[in-house]
Each structure stands twice: as structure tokens, then as C-alpha cells.
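First comes the structure, then the notes that go with it.
Basis for what follows: all heavy atoms, side chains included, without hydrogens, waters or symmetry-related copies. Everything numeric here is computed off the predicted structure, so don't read it as measured data. Counting begins at 1 with the first residue of the sequence.
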Amino acid sequence: MARERRRRAYDAPYEFTDKEAEIRAATSYVPRKSSRNGALIFNMAVFVVACAAVLAAWYLVAGRVTFAAVCAMLLVALLAISSAHIALSWEKVVVLRFGKVNRVVGPGLYFTIPVVEHGTIRVDQRVIASPFYAERTLTADLVPVNIDAVLFWVVWDAEKACTEVEDYYSAVSFLAQTAMREAVGRSQLAEVALRRDQLDVEIKADIEKEAANWGIDIISVKVRDIVIPEELQEAMSLEAQADREKSARVSVAGAEADVAEMLSEAAKVYGDPEAALRLRTMLMQYETVKRSKGSVVTVPTAVSDGFVDGKGEQG
């Protein structure tokens, strides 16, 4: 609860948009599969045992329970529960003595000197997944994009996480968002869309430069989604179609050159230079018939020449 209050106080000066508030509410770090009920029950048990022990000792000595006995009971019980503590298996606790870091304890049972020592923060050392995003971030070619990603990180030094940064969770979240904006700003739109792996590496490297001083290890960064403006999507689609059509025409031209070369060699075998053109015509007719499933009527050359000569004489 104390950490949550510090987080809210840290975030208060910044006004989030509706989308940001929704994402933060859905992704705020709250352990769901673990609880501190065991530690709470232990504190209650210590309190009850201390109260029972004081009352029993007072009764044996004085023969009755008085108001002073109740006050002594409460004082001893409070001192007992402030001395004996339990840290869960994945927790580290930074203990301060007179405001100065004394030691890091946990997991398990540990003791502190009442009033003189206290545990300042419980650091969760499990791997944490923090979703973050960059909305309308400009690429190097000034194209606004929306990017969602997930950061996987872990606190390996509880003392640094406690003493070097006020709220390490919020600091890592804001650092990840800033690093992603900088990485996107250094890349062209095509690089952002096609080279996600490289973008992950760049963001991770930028975060590690700062987070290492806070006792935090960045495991990996995964870009989940990249959203391009709709008007730009249509233009990119047309550009891609044009590139594919160009490639197809170049391929067809290259194939035509190869066919022409082979037909030229075949014409040399026939001993007729004009045979190459006639062979190409026959191949084109065959392809046309194959596609349309139609038929082609072939007229002998002599007959067609006769029609041409007859028309010339009539003219």
C-alpha cells in the first residue's frame, strides 16, 4: 500500500489520456497468484503469544491482572511484532538502522531492533512484465506510428533499487517509453515495420544504460504491434503493388530475352533466319489457346499471299 501511494504521488503531476489511463489501470503491477496472508497470520500469532506470555507472567507474580498489566501486555506485543518479520521466498527487504542502510535480509524469518531498525521496502525479485507503448511517435521520415511493446525485467540488487531511485517500477516504465520513442525516431518507417528484432535490441540497450545503476536487469523487450495511419497504409499498398508489377515486368522481359536467344539458335538449325519469328508466333498462339481454351485457324502462307495480291490488283 505504501508503494502504491508513492506511485500515485509520483504520477500526480502528469495528466494521462483516456487510453493511457486505461492501459495503466489494466497493467499496473499487482501480484495475483501470491499473497501475504501467511506473513499477516504470523504477525497476529506473535501478537497473541506475546500478550498471553505477559499476562501469564504478571498473574503469576502479582496474582491478578490490572490496568498496568494490560498496558505492559500491549507494549510487549507491539515490540514483538515489530521485531519478528517474515519475507516471502521471492522478496528481499532492505533494513535501515537510524536511517542508514544496514543490511539486506530475506527470504524467511528475520529480526529487527524495535525503534532503531525498520524494513524500508520489500523488493520483489521475480521477473516482471511491464507493457508500455508510444503513441503517435515520429519516425526518421516524419511518419507518426503507434507501437505497443512488453518489457521483461528483474531487480537483482535490492539495495540499489531502494537507495538509487525513488520508485523503481515507475522509473523503469517511463524509461522504457522514452527509449522506444528515441529508437523509433532514429529509424525509417520501413526499418521499424520490417526490422522488429533490431528495434527490440536498440530499446533494450537504451534501457540498460540507465537501469543498471538502479540494480535492475533488463531481460528482453518484445514489440507486439505497430500501427501505421490508415491513409498511409493505402499509399504503401499502392507502392507495394507498383513494385511487384515492376518486378513482374522485368522478369517477363528477362524471360523474353532468354526465349529469343533460344529461338535464334533454333532458327540457325533450320537454316532460316526468319524461322525464329515464326516459332515465336507459334508459341504465342499456343499460350493464347492454352489460357482461353479456344482454337486457332492457321491459313497457309501461299493462300494468304494470294488474298493480298488479289486485293492489290483490284485496287
Taking all non-hydrogen atoms of both residues into account, name the closest pair between [X] and [Y] and its distance.
{"X": "Ala179", "Y": "Ile203", "value": "CB-O, 4.1 Å"}
{"X": "Ala80", "Y": "Ala50", "value": "CB-CB, 4.0 Å"}
{"X": "Tyr169", "Y": "Ile128", "value": "CE1-CG2, 4.0 Å"}
{"X": "Ala129", "Y": "Phe152", "value": "CB-CE2, 3.7 Å"}
{"X": "Tyr168", "Y": "Ala161", "value": "CD2-O, 3.9 Å"}
{"X": "Thr139", "Y": "Ser187", "value": "CB-O, 3.4 Å"}

Are [X] and [Y] packed together at the side-chain level, in the sense that at least one heavy-atom pair is separated by less than 4.5 angstrom?
{"X": "Val154", "Y": "Ile219", "value": "yes"}
{"X": "Val150", "Y": "Arg224", "value": "yes"}
{"X": "Val155", "Y": "Asp124", "value": "no"}
{"X": "His85", "Y": "Leu109", "value": "no"}
{"X": "Ser130", "Y": "Trp153", "value": "yes"}
{"X": "Trp90", "Y": "Val123", "value": "no"}
{"X": "Thr178", "Y": "Phe132", "value": "no"}
{"X": "Asn102", "Y": "Leu96", "value": "no"}

Joint hydrophobic cluster, [X] plus [Y], side-chain heavy atoms closer than 4.5 Å:
{"X": "Phe111", "Y": "Leu78", "value": "yes"}
{"X": "Leu74", "Y": "Leu55", "value": "yes"}
{"X": "Val94", "Y": "Val172", "value": "yes"}
{"X": "Tyr59", "Y": "Leu75", "value": "no"}
{"X": "Val49", "Y": "Ile86", "value": "no"}

Open item on the list: For Val93 and Ile121: C-alpha separation, side-chain torsions, deciding distance, then whether side chain to side chain contact (heavy atoms under 4.5 Å, CB included) applies.
Closed with: CA-CA 6 Å; Val93 182; Ile121 188 174; over 6 Å; no

- [ ] State the CD-CD distance between Glu182 and Gln177, to the nearest 0.5 angstrom.
- [x] 11.5 Å

Open item on the list: Working to the nearest 0.5 angstrom, can you tell me the gap between Ile147 CD1 and Ile226 CD1?
Closed with: 5.0 Å

Task: Check: Asn146 side chain, Val227 main-chain N or O, donor-acceptor pair, under 3.5 Å - done: no

Output all residues satisfying side-chain contact (heavy atoms from CB on, under 4.5 Å) with [X], sequence neighbours left out; order by chain, then residue number.
{"X": "Val54", "answer": "Ala72, Met73, Val76"}
{"X": "Pro114", "answer": "Leu79, Ser82, Ser83"}
{"X": "Asp157", "answer": "Glu159, Lys160"}

- [ ] Name all pairs fulfilling the salt bridge (charged side-chain N to carboxylate O under 4.0 Å, His left out) condition that reach into residues 94-107, sequence neighbours left out, sorted by first residue then second.
- [x] Arg97-Glu117, Arg103-Glu117

Open item on the list: Please list all pairs meeting salt bridge (charged side-chain N to carboxylate O under 4.0 Å, His left out) that have one or both residues in residues 82-96, counting only residues at least two apart or in different chains.
Closed with: Arg36-Glu91, Glu91-Arg122

- [ ] Would you please say whether a donor-acceptor pair under 3.5 Å links the side chains of His118 and Thr112?
- [x] no

What pairs of donor and acceptor atoms, side-chain ones from residues 206-217 against any protein atom, are under 3.5 angstrom apart with sequence neighbours left out?
unit_1: Asp206; atom_1: OD2; unit_2: Arg186; atom_2: NH2; d: 3.1
unit_1: Glu208; atom_1: OE2; unit_2: Lys204; atom_2: NZ; d: 2.6

- [ ] Give the C-alpha distance, both sets of side-chain angles, the deciding distance and a yes or no for side chain to side chain contact (heavy atoms under 4.5 Å, CB included) between Thr163 and Val101.
- [x] CA-CA 9 Å; Thr163 58; Val101 175; 3.6 Å; yes

